[in-house]
2 protein chains.
Amino acid sequence: MVERLSALAQPTRLGVFRMLMRAGLNGLPAGAIAATAGVPGNTMSTHLAILSRAGLVSARRQSRSIIYTANLDTIRDVLSFLVEDCCGGHPEICAPLIKIADNTCCPPQTKHKPQPKPKRRAT
Amino acid sequence: MVERLSALAQPTRLGVFRMLMRAGLNGLPAGAIAATAGVPGNTMSTHLAILSRAGLVSARRQSRSIIYTANLDTIRDVLSFLVEDCCGGHPEICAPLIKIADNTCCPPQTKHKPQPKPKRRAT
DNA sequence: ACGTTATTTCAATAGATCTCGATATATGGA
DNA sequence: TCCATATATCGAGATCTATTGAAATAACGT
């Protein structure tokens, strides 16, 4: 589990992981990922290997390209692990956590990204 | 966000975070946390400072002890960030993620939610 | 004030990680 | 086969992280 969190705890890799989450089942080839992230191919290859070793992404070859896809089951395990037993007999405490899936992951219909709420006035 | 994930990507700190998630609103004093984890006080203090700077835990003084508590809002943001836009128009793909809160965080046998969930069709 | 307990901060070292040039491997086409 | 494309692996230097002894700070009791 630490390996999985470590894999995500790096700016380039976190960006790649989210890119692949959005890309869905189709995934993306290594070259496109590197180009989008603005990182040399060999550097990205190292990062992808780390994500892959952590089980967060899967790779398949398609002709000359290697297509990477996010592994939903693994990320589910990571999230579950973090909130495991958090309620300790007081489910109401965890109410904020329960809304994650419905509000963020699979927003009802038109809603997509959570809009940044204006907390303070811009100066 | 990388700072938050980095804070969790270390065995001692991940253990402490989960310990505090289970401890709930009462939290635990630094000394007890260090003793339970089997780590010297100053080492644990460093780890707690990292979790605190990342916003994952909060600290309050109570007499001579410093009581640490997990910050549920922050961990919710972390989880949301990871699964953001994961569905890309195909909510069924994310079905595994939707079950996290209900199955792991607040298991059904102790379930007692403040408001019902008249939401999507479950399978 | 003094001593005791609880925790933090400082400083130094050991170890791990990030990046990228050079090189190697794999695929497809002529 | 030879060449071009796509990606992976190696190696080394720079940077970051983890740990802990020693010293500092904070609160309480006497």
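Quick note on labels: first sequence line is chain A, next is B, and so on, each numbered from 1. Computed from a predicted structure; not experimentally measured.
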When you measure from the side-chain N and O atoms of A:Tyr68 to the phosphate of D:dA6, is any distance below 4.0 Å, counting only OP1 and OP2?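 Indeed not, no polar side-chain atom of A:Tyr68 lies that close.
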Starting at atom [atom1] of [X], determine the distance to atom [atom2] of [N], rounded to an integer number of angstrom.
X: B:Leu8; N: D:dT17; atom1: CG; atom2: C1'; answer: 16 Å
X: B:Arg60; N: D:dA27; atom1: CZ; atom2: P; answer: 16 Å
X: B:Leu48; N: C:dT8; atom1: CG; atom2: P; answer: 6 Å
X: B:Ile66; N: C:dT8; atom1: CD1; atom2: C1'; answer: 9 Å
X: A:Ile33; N: D:dA8; atom1: CD1; atom2: C1'; answer: 14 Å
X: B:Met44; N: C:dT9; atom1: CE; atom2: P; answer: 15 Å

Quick tally for nucleotides 14-20 of chain C: nucleotides whose base has a protein heavy atom under 4.0 Å get B, sugar-phosphate-only ones S, the rest -, giving ----SBB
NA contact type, A:Ser45, heavy-atom cut-off 4.0 Å: base, sugar-phosphate, or nothing?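 Base contact.
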Heavy atoms only, 4.0 Å cut-off, all strands: where does A:Gly41 land among base, sugar-phosphate and nothing? nothing
Side chain proximity check, [X] to [Y], heavy atoms < 4.5 angstrom:
X: A:Met21; Y: B:Leu82; result: no
X: B:Tyr68; Y: B:Leu51; result: no
X: A:Ile67; Y: A:Arg61; result: no

From the list D:dA27, D:dA4, D:dT7, which nucleotide is the closest neighbour of the side chain of A:Arg64? D:dA4
Take B:Val39 and B:Thr12, measure what side-chain contact (heavy atoms from CB on, under 4.5 Å) needs, and give me the verdict at the end. CA-CA 8 Å; B:Val39 163; B:Thr12 302; 4.1 Å; yes
Could you tell me whether B:Arg53 and B:Glu3 make a salt bridge, using a distance below 4.0 angstrom between a side-chain N and a carboxylate O? no
Testing the basics here: between B:Arg18 and A:Phe81, what is the closest heavy-atom pair and its distance to 0.1 Å?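 In this case the closest contact between B:Arg18 and A:Phe81 is NH1-O, 2.9 Å.
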A:Leu56 side, atom CG; A:Leu5 side, atom CG - distance, nearest 0.5 Å: 8.5 Å
Whichever of B:Ala32 and A:Arg61 has its nearest DNA chain C nucleotide further upstream toward 5': B:Ala32
